[in-house]
Amino acid sequence: MEEFNGSETKPYVNTVEDAVSIANESAMSVIHQPMFLSAWKDAVSLYPKYFVIPQKGIDQVENWRELAPNWDEKSNLGNLKPNSRWTLLAIWSLVDAKKVRSILKELGRDASQQGLDLMSFQWLAKSTATNRRDILTRLFAYY
């Protein structure tokens, strides 16, 4: 799961304004981290089978990256109702968008294969139930 662990990006700037902007984004990221973690835990609780949950449990996790997608469960995505499946894939895409696009292609549901992009915000907003829409909104806001 190397791609899940990620790495720090080192910004380079040419102007003071760019430096201030990057510093502000970095500060907001730190401020939003607990709220994102809360939304991520809610997502994992909604789809526990589709995430790797450590023995200490969801509530004891201190970093959202400790709750990685269970990519081996992609073969069981068909067990979810379509709207739940697309919500889960949208959540997984925050970890590895390329892998999710690959899964969508395997399912014949990638944007390149459809007239409608199932990962578009418009479609997700209209098609998801209130609790899933709430989780997606918070994940997007605090990512």
Side-chain angles (χ1 to χ4, degrees), residues 1-14 18-143:
M1 261 191 265
E2 189 60 35
E3 73 280 352
F4 188 70
N5 294 327
S7 64
E8 288 291 321
T9 301
K10 296 181 181 180
Y12 294 93
V13 298
N14 294 325
D18 287 345
V20 169
S21 177
I22 289 171
N24 285 338
E25 288 294 326
S26 179
M28 289 308 293
S29 178
V30 170
I31 291 168
H32 288 161
Q33 188 175 18
M35 293 171 277
F36 183 85
L37 176 59
S38 175
W40 192 263
K41 287 178 178 181
D42 288 346
V44 173
S45 295
L46 191 60
Y47 302 102
K49 178 180 176 178
Y50 297 92
F51 288 88
V52 179
I53 300 172
Q55 194 167 8
K56 62 184 175 181
I58 296 170
D59 293 334
Q60 301 306 311
V61 167
E62 295 179 13
N63 187 306
W64 68 280
R65 293 185 183 278
E66 295 178 64
L67 297 165
N70 185 355
W71 299 110
D72 293 337
E73 286 296 322
K74 74 177 187 178
S75 61
N76 293 315
L77 289 171
N79 296 335
L80 293 172
K81 292 181 180 179
N83 290 344
S84 292
R85 183 180 325 132
W86 309 135
T87 301
L88 174 66
L89 288 170
I91 293 164
W92 278 7
S93 73
L94 296 173
V95 175
D96 190 336
K98 287 182 183 177
K99 191 173 277 193
V100 169
R101 285 291 179 191
S102 174
I103 292 169
L104 286 168
K105 284 182 181 176
E106 288 175 27
L107 295 172
R109 300 288 189 205
D110 186 58
S112 65
Q113 300 164 312
Q114 300 289 311
L116 172 67
D117 184 357
L118 295 171
M119 291 292 101
S120 74
F121 289 113
Q122 176 194 28
W123 187 85
L124 285 167
K126 288 183 177 181
S127 64
T128 56
T130 303
N131 63 332
R132 292 190 309 266
R133 187 170 47 249
D134 173 66
I135 291 168
L136 283 172
T137 301
R138 289 185 294 134
L139 288 171
F140 177 73
Y142 301 125
Y143 184 67

*Please identify each residue that fulfils salt bridge (Lys or Arg N to Asp or Glu O under 4.0 Å) with Lys74, with sequence neighbours left out.*
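Lys74 satisfies salt bridge (Lys or Arg N to Asp or Glu O under 4.0 Å) with Glu106 only.
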*Considering residues at least two apart in sequence or located in another chain, which fulfil the salt bridge (Lys or Arg N to Asp or Glu O under 4.0 Å) criterion with Lys98?*
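Testing Lys98 for salt bridge (Lys or Arg N to Asp or Glu O under 4.0 Å), a comparison that skips the adjacent residues, returns none.
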*Okay, side chain of Ser45, backbone of Lys41: is any donor-acceptor separation there less than 3.5 Å?*
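Yes, the answer is positive, given that a donor and an acceptor are paired below the 3.5 Å cut-off.
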*Check whether any side-chain N or O of Tyr50 sits under 3.5 Å from a backbone N or O of Asn76 as a donor-acceptor pair, and report yes or no.*
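Yes, because the side chain of Tyr50 sits within donor-acceptor range (under 3.5 Å) of the backbone of Asn76.
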*Verify the ring-centre separation between Phe51 and Trp40: is it less than 6.0 angstrom?*
yes
*asked:* Which residues pass the ring pair (Phe, Tyr, Trp, His ring centres under 6.0 Å) test with Tyr47, not counting sequence neighbours?
replied: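 So Tyr47 forms no ring pair (Phe, Tyr, Trp, His ring centres under 6.0 Å) with any residue.
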Out of curiosity, [X] [atom1] to [Y] [atom2], how far, rounded to the nearest 0.5 Å?
{"X": "Trp92", "Y": "Asn70", "atom1": "CH2", "atom2": "CG", "value": "6.5 Å"}
{"X": "Thr87", "Y": "Ile135", "atom1": "OG1", "atom2": "CD1", "value": "9.0 Å"}
{"X": "Leu94", "Y": "Leu89", "atom1": "CG", "atom2": "CG", "value": "11.5 Å"}
{"X": "Asp42", "Y": "Leu136", "atom1": "CG", "atom2": "CG", "value": "11.5 Å"}
{"X": "Asn79", "Y": "Glu73", "atom1": "CG", "atom2": "CD", "value": "8.5 Å"}
{"X": "Ser102", "Y": "Leu104", "atom1": "OG", "atom2": "CG", "value": "9.0 Å"}

_Go through it in stages, so that I can follow the logic: the residues are Arg133 and Thr137, the test is side chain to side chain contact (heavy atoms under 4.5 Å, CB included), and I'd like the CA-CA distance, side-chain angles, deciding distance and then a yes or no._
CA-CA 6 Å; Arg133 187 170 47 249; Thr137 301; 4.2 Å; yes
*asked:* As a quick check of understanding, evaluate side chain to side chain contact (heavy atoms under 4.5 Å, CB included) for Trp71 and Val100, giving each step before the final call.
replied: CA-CA 10 Å; Trp71 299 110; Val100 169; 4.2 Å; yes
_Minimum heavy-atom distance Ser93-Ala90, with the two atoms named_ = OG-O, 2.5 Å
*asked:* Minimum heavy-atom separation for Pro69 and Val52, please, with both atom names.
replied: O-CG2, 4.0 Å
Test side-chain contact (heavy atoms from CB on, under 4.5 Å) applied to [X] - qualifying residues, sequence neighbours left out:
{"X": "Asp134", "answer": "Arg138"}
{"X": "Asn63", "answer": "Gln33, Arg65, Glu66"}
{"X": "Pro48", "answer": "Ile53"}

